[in-house]
Amino acid sequence: MWVVPTIPPALYLMLSGILFTIGVIGALTRRNAIVVFMCIELMLNAVNLTFVTLSHFLQSMDGVLFAFFVIAVAAAEAAVGLAIFVMIYRSRETINLDEINILKW
Amino acid sequence: MAENIGIIFQWLIFLGMAFFSIVASLLLVTRKNPIHSALFLVLNFLCVAVLFLLLQSQFIAIIQVVVYAGAIAMLIVFVIMLLDLEKELRAGLKIIYSKVIGGFLALLFLLGILYSVVAKSPTGKTGSYTPEKMTANVKAVGEVLLTQYLFPFEIISILLVAAIIGAVILSKKRT
Amino acid sequence: MLDYVWLIPLFPAIGFVINGFFGRRYSKKVVGWVACSALGLSFLTSILIFFDLIGRPPSERVFEKVIFDWVVSGSFQSVIGYQVDPLSILMALVVSGVSFFIHIYSVGYMHDDPGYPRYFTYLNLFVFMMLNLVLANNFLLMFVGWEGVGLCSYLLIGFWFEKDSAANAGKKAFVVNRVGDFGFILGIFLLFINFGTLDFTDIFGSLQKNPHLLESGTVTAITILLFVGACGKSAQIPLYVWLPDAMEGPTPVSSLIHAATMVTAGVYMIARCNVLYSMAPISMMIVAIVGCATAIYTASIGFCQNDIKKVLAYSTISQLGYMFLGVGVGAFSAGIFHLMTHAFFKGLLFLGAGSVMHALSGELDMRKMGALRKKIPITFWTFFIATLAIAGVPGLSGFFSKDEILWQAFSSSHGHFFLWLVAAVAAGMTAFYMFRALFMTFFGESRVDEHVAHHIHESPKIMTVPLMILAVLSVIGGYVGVPHLLGGANHVHEFLAPVLGGGAEPAKAHAGISLLSQAWASSGESGGHSATLELLMMVVSVIIALIGIGIAYLFYVKNPALPKLLAEKKRGLYQLVLNKYYIDELYEILFINSLKNLGTGLWRGFDEFVIDGTVNGIACLFGWLSSVMRRMQTGLVQNYAFSMIIGGVILVVYYIVRAIFY
């Protein structure tokens, strides 16, 4: 009988790479700080996918745990980062990254 | 035949979810309205959660939905609504060369990843958590989390406390 | 007693230290006593050592005393050591003795000067350095003394440094001396390369044992370089220009340094190196010719000078030329003998001039003097005796020493008839201008200014006693060197013979010797000179001197209007000689301006442009670099993310490439 092969890990990893790249392009291109933040979350998500994939195919628990920690850190980062965005908006009336460049030469 | 159907089913789910998550992320990156971007972000998270389920990591899938899609995305939506972004929506798109070059470099990066993924398959020591054992996923995670990875677990808790305090202090009104 | 030779320089050194540190706290009397007693003790020690030395047989009259090792570096060793032999003890006697009298004189002369302690400090330091120079047993210590007396000369010439002319004269003396010292140092280097040591006994001993140790070219080079140093220190052509300007210093300084002691260092050095010079007939010829030329050239300048000290300065240079002529023709002991008698009468002449200036409240110009004979008798008589001595009148010391040199210039194997002729003419010129000075100052009608004439008085005893002592020495000092011809035993020559050799070596006859002198020389005994010829020469030189005195008498006593008429008629020549043949101006154009321009050019072109440009340029480069680099800090977050992406891409590409190709 002809057996359908299981999904190879390469596909998962490719998907993860594509999602990551889209996240990078978004982080570089968009002007709105919150959209950039969302793209960063996208990147983190893609990395999580990689971790869990490899953990599954290497039959180990380490990748899953690491993904867990990444999610926890992303949550903390979201809290603090969004608080900072709110503060910046309060003092500058804008959230456009092209206009926030005080720390320059 | 029965396994085939299972595997084909898995293939279908995988392809569908992969397609949707890519589409969602592309739309996220290109929408002008940040609320739309936030909603597509949620969609992306949900698709990836399904992918996690396919990978026998139910725990992560649930955590993804609850924390990522449920808390973080909601937080983002709240902040977007808090800030007045009307003016932004009307501004056009400027072509800035560093961003274009950055885009190209990111594509190059992607090509590199694709190549390396295709050329090599993951090898290494295989651990002891076979898929059968992984079905009791939460139990397995708990086993490892509270014995082998206890220290990072505690540190994470401190980190979360620090984040809470930081967020509270940062958003207080200066009197 | 010979063991205590180190006491001779030590006493003035102690005097220098005491007066240098504490001089200003004590009264002038204490300062004067310290300085003079230091010299007195030094002189006493030299006399005692001298008598000790005479008591030994002539072959044992050499003694070296090493004080301590100074430089011990690899194979080069140099010690501080003093050598007692006839030459050095004679020089030490002259230096310490004449210095002692001049110190006593200075107590009176400098009595009203505010810089009194400083003066005696410098003077003691000078005597210390000079004694080091003459007593040293190696070239290095001698050079230390050489430089030290140059330094003291600078300090003392510029003693009244508030006067621009004095400060400039001090600088000029030092710089010109330095030019000479450059040659001297090169000579020392050559000696060291060839011998590996700078010790006198080692060098001269090995040369005497093996005369062919050095090639003649090397010996000639060494001796010429050493002579360049002597030209600088002893003011010969072309480095004599500092000595007339050195008259800016106090008169006792001129007497001590520029008449009796420092300027004779060059003659001493050549006499000390007689072994070297005897092996290089070419350099001896150069020494003799330069000495002779200097003698007559500066004698001619002395004709027109109106400043009494300048006349004496040019006379000093001229007499030094005689000394160099003497050593240049191989008559080393004659040169030293003339050095000794010259110290007496020239020292006396300068002190006498100082006494005249003291009487006339500082007047220097001889045209404003006259008829002082009756008013300052002691000064007059001592000055007169000294002038007779320098003119070579028989019976006084100058006659014997100058005559010895003239005879050797004629008859020695290195000598030449022409040298004798020029030297004899110069002797006549010396007699003329010295008596001109005497007559203008002391005879004739008084041309003294009104307000000065009231204060004319004889100098105090403390100044006149040294004058009288030196006058006595000027008379009897020559009798130790009476030549065999006149029945004397020429003690000086015999005394110095162990060091200076028995006479001029019959080295290879150089090209200039004339048939006349050769014929006369060989017609005598096997010793090489004939008695009648010598007597004839002596008579000729006396006649020349008397002619000179007679002309001076005519011009300045009998008919005082004659000089003016002659000056009017030959206006151009008179101006030329009066302005010293414009040599100073020539040097300025030739050397000083070109060096100044070179310095300025190097300063602007190299120092400012290249060096400052490089240093400032590097700073500018970094500034420019940083202004470029800091544009990376745009403050835009996405730019930073962009750079991170670049890094990530590079890493990925690197790993892939590595995986592909390895």
Side-chain angles (χ1 to χ4, degrees), chain A residues 3-4 6-7 9-15 17-19 21-26 28-32 34-35 37-39 41-42 45 48-49 52-62 64-65 67-69 71-80 82-87 89 95-96, chain B residues 4 7-8 10-11 14 18 21-22 25-26 28-29 34 37-38 41 44-45 48 51-52 55-57 60 63 67-68 71-72 75-76 79-80 82-83 88 99 102-103 106-107 109-110 113-114 117-118 121-122 124 126-127 129-130 140-141 144-145 149 152 156 159-160 163 166-167 170-171:
Chain A
V3 179
V4 179
T6 55
I7 306 175
L11 279 185
Y12 282 103
L13 295 173
M14 278 200 280
L15 172 64
I18 292 171
L19 285 178
T21 309
I22 294 173
V24 167
I25 294 178
L28 285 180
T29 314
R30 295 298 304 253
R31 279 199 317 271
N32 192 335
I34 304 191
V35 175
F37 186 72
M38 287 194 266
C39 296
E41 297 299 330
L42 189 56
N45 201 29
N48 275 350
L49 186 59
V52 172
T53 309
L54 290 171
S55 160
H56 179 261
F57 285 103
L58 292 176
Q59 297 173 349
S60 137
M61 231 25 214
D62 298 333
V64 172
L65 262 282
F68 173 70
F69 290 137
I71 292 176
V73 170
E77 169 204 349
V80 178
L82 290 169
I84 291 178
F85 284 150
V86 167
M87 283 187 67
Y89 183 76
I95 201 99
N96 188 349
Chain B
N4 275 355
I7 293 175
I8 288 173
Q10 278 184 353
W11 268 101
F14 172 74
S21 76
I22 291 177
S25 61
L26 279 172
L28 178 154
V29 168
S37 301
L41 183 70
N44 187 44
F45 285 156
V48 173
L51 286 173
F52 283 150
L55 288 169
Q56 305 275 1
S57 310
I60 294 294
I63 295 291
V67 173
Y68 249 133
I72 293 177
L75 198 57
I76 290 174
V79 171
I80 293 174
L82 201 60
L83 313 174
E88 303 286 327
K99 299 189 179 180
L107 285 173
F109 187 70
L110 176 65
I113 292 178
L114 289 177
V117 158
V118 165
S121 54
T126 47
Y129 284 91
T130 55
V141 167
V144 177
L145 186 63
Y149 289 98
I156 287 285
L159 179 73
L160 288 171
L170 279 175
S171 43

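Just so it is clear, the structure is predicted and the values come from calculations on it, not from any experiment. Convention: sequence-line order gives letters A, B, ...; per-chain numbering from 1.
Annotation: side chain of Ile34(A) is not in contact with side chain of Pro34(B) (no heavy-atom distance under 4.5 Å). For the pair Val73(A) and Leu159(B), the minimum side-chain heavy-atom distance is below 4.5 Å. Between Ile80(B) and Met38(A) there is a side-chain heavy-atom pair separated by less than 4.5 Å. Looking only at side-chain heavy atoms (C-beta outward), Phe68(A) and Val141(B) stay at 4.5 Å or farther from each other. Within the 4.5 Å cutoff, side-chain heavy atoms of Val48(B) are placed close to those of Leu19(A).
Listed options Gly166(B), Gly102(B), Ser37(B) were ranked by heavy-atom pairs under 4.5 angstrom with chain A; first place goes to Ser37(B). Contact tally against chain B (heavy-atom pairs below 4.5 Å) for Gly23(A), Ala67(A), Ala74(A): the top residue is Ala74(A). If you tally non-hydrogen atom pairs under 4.5 Å between each of Ile76(B), Leu41(B), Val67(B) and chain A, the highest count goes to Ile76(B). Of the residues considered (Val24(A), Asp62(A), Leu11(A), Thr21(A)), Thr21(A) shows the highest number of contacts with chain B, using heavy-atom pairs under 4.5 Å. Of all the listed residues (Ile84(A), Ile71(A), Thr6(A)), the one sharing the greatest number of non-hydrogen pairs under 4.5 Å with chain B is Ile71(A).
Nearest heavy atoms, Ser25(B) versus Leu42(A): CB-CD2, 3.7 Å. Across every non-hydrogen atom of Tyr12(A) and Leu51(B), the tightest pair is CE2-CD2, 4.2 Å. When all heavy atoms of Gly103(B) and Leu28(A) are compared, the pair lying nearest together is N-CD1, 4.3 Å. Considering all non-hydrogen atoms of both residues, Ala76(A) and Leu160(B) come closest at CB-CD2, 4.0 Å. Heavy atoms only, all atoms of each residue included: Val52(A) and Ser57(B) are closest at CG1-OG, 3.1 Å. Looking at every heavy atom in both residues, Tyr68(B) comes nearest to Asn45(A) through OH-N, 4.2 Å.
Contacts between Phe37(A) and chain B at a heavy-atom distance below 4.5 Å involve the side chain alone, from C-beta outward. For Ala106(B), the parts lying near chain A are the backbone and the side chain together; criterion is any non-hydrogen pair under 4.5 Å. Heavy-atom distances place no part of Glu77(A) under 4.5 Å from chain B, backbone and side chain included. For Leu65(A), the part lying near chain B is the side chain, with the backbone staying farther off; criterion is any non-hydrogen pair under 4.5 Å. Looking at Ile113(B), only its side chain comes within 4.5 Å of chain A, counting heavy atoms on both sides. Looking at Leu15(A), the atoms closer than 4.5 Å to chain B (heavy atoms on both sides) all sit in the side chain, from C-beta outward. Residue Leu145(B) touches chain A through both its backbone and its side chain, counting heavy-atom pairs closer than 4.5 Å. In this structure, the portions of Leu28(B) lying under 4.5 Å from any heavy atom of chain A include both its backbone and its side chain. Proximity to chain B is limited to the side chain of Met87(A), based on heavy atoms less than 4.5 angstrom apart.
Applying the side chain to side chain contact (heavy atoms under 4.5 Å, CB included) rule to Leu82(B) yields the partners Val86(A); only residues at least two apart in sequence or on another chain are considered. Partners of Phe109(B) under the ring-ring contact (aromatic ring centres under 6.0 Å, His included) rule, at least two apart in sequence or in another chain, are Phe20(A).
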Quiz item: What's the verdict on side-chain contact (heavy atoms from CB on, under 4.5 Å) for Asn48(A) and Ile60(B), showing C-alpha distance, side-chain angles and the deciding distance?
Solution: CA-CA 9 Å; Asn48(A) 275 350; Ile60(B) 294 294; 6.0 Å; no

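The CD1 atom of Ile22(A) lies 4.0 Å from the CG atom of Leu26(B); values are rounded to the nearest 0.5 Å.
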